[in-house]
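Step one of this worksheet: look at the structure below.
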Amino acid sequence: MVSVSEVVKTWQEGFANKDSSKLGEFFTDDFRFVSNVRDIGKQETLDWTATGEMAIDNIEVIYENDEVAVVQHSANNSNNNGIVIAVYTKRDGKFSQARVIRAVV
């Protein structure tokens, strides 16, 4: 089973390199990324990652088990800097959803 730290690190690298090719293997086919500004599926999430518009850093896994993971990290773009709390749900050894709250700092 994949760990959330591995997913977020891959996501971090995906944004930095504008390449989401490795990220998709961690998501279920019906994966959803849900935040206050978007509710998108797996392919849309991969496409967004490949834009490189976000930078993720200072990753801290708060909690993780076989069903859920909670992570905090910075999420910065050209408009502002933010802090994220994300809850990831797992199914069949992959991640099926990321629910994200981002506060601008």
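Excluded from the calculations below are hydrogen atoms, water molecules and symmetry mates; all remaining heavy atoms, backbone and side chain alike, are included. Predicted, not measured: the structure shown is a model, and the values here were computed from it.
No more than 12 heavy-atom neighbours from other residues, nucleotides or ligands sit within 6.0 angstrom of CD1 on I101. When the shell of 6.0 Å around CD of E67 is examined, it contains 12 or fewer heavy atoms from other residues, nucleotides or ligands.
Here the OG atom belonging to S74 is positioned 10.0 Å from the CE atom belonging to M54, to the nearest 0.5 angstrom. For the atom pair Q43 CD and S20 OG, the distance stands at 7.0 Å (nearest 0.5 Å). Summarising the geometry, atom CG belonging to D47 is positioned 12.0 Å from atom NZ belonging to K42; distances are rounded to the nearest 0.5 Å. Expressed to the nearest 0.5 Å, how far CD1 of I40 lies from CZ of F31 amounts to 8.0 Å. Of the inter-residue distances, the one linking R99 atom CZ with T89 atom OG1 reads 9.0 Å to the nearest 0.5 angstrom. In this structure, CD on Q97 lies 11.0 Å from OH on Y88, to the nearest 0.5 angstrom.
Considering all non-hydrogen atoms of both residues, E64 and A69 come closest at CG-CB, 3.9 Å. Across all non-hydrogen atoms, the minimal contact from L46 to F27 is CD2-CE1, 4.3 Å. Annotation for I62 and Q72: closest pair CD1-CB, 3.9 Å, computed over non-hydrogen atoms. Nearest heavy atoms, N76 versus R102: CA-NH2, 4.1 Å.
Residue W48 is not grouped with residue V37 when hydrophobic side chains (ILVMFWY) are merged at heavy-atom distances under 4.5 angstrom, including chains of intermediate members. Hydrophobic clustering, with ILVMFWY side chains joined whenever heavy atoms are under 4.5 angstrom apart, groups L23 together with V61. Hydrophobic clustering keeps V34 apart from V84 (ILVMFWY residues linked when any side-chain heavy atoms are closer than 4.5 Å, directly or through intermediates). Criterion: ILVMFWY side-chain heavy atoms under 4.5 Å apart, direct or through other members. Under it, I83 and I59 are not part of a common hydrophobic cluster.
Looking at T28, its side chain never comes within 3.5 Å of a backbone N or O of K94 through a donor-acceptor pair. The closest donor-acceptor contact from the side chain of N81 to the backbone of V104 lies at 3.5 Å or more, if one exists at all.
Side-chain contact between V7 and V2 is present, with heavy atoms from C-beta onward closer than 4.5 Å. A heavy-atom distance below 4.5 Å is found between the side chains of D30 and R91.
Note on D39 versus R32: salt bridge recorded, some NZ/NE/NH1/NH2 to OD/OE distance being below 4.0 Å.
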Working for side-chain contact (heavy atoms from CB on, under 4.5 Å), residues I56 and V8
CA-CA 8 Å; I56 295 173; V8 177; 4.1 Å; yes
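For F95 and W11, the ring centers are positioned 6.0 Å apart or more.
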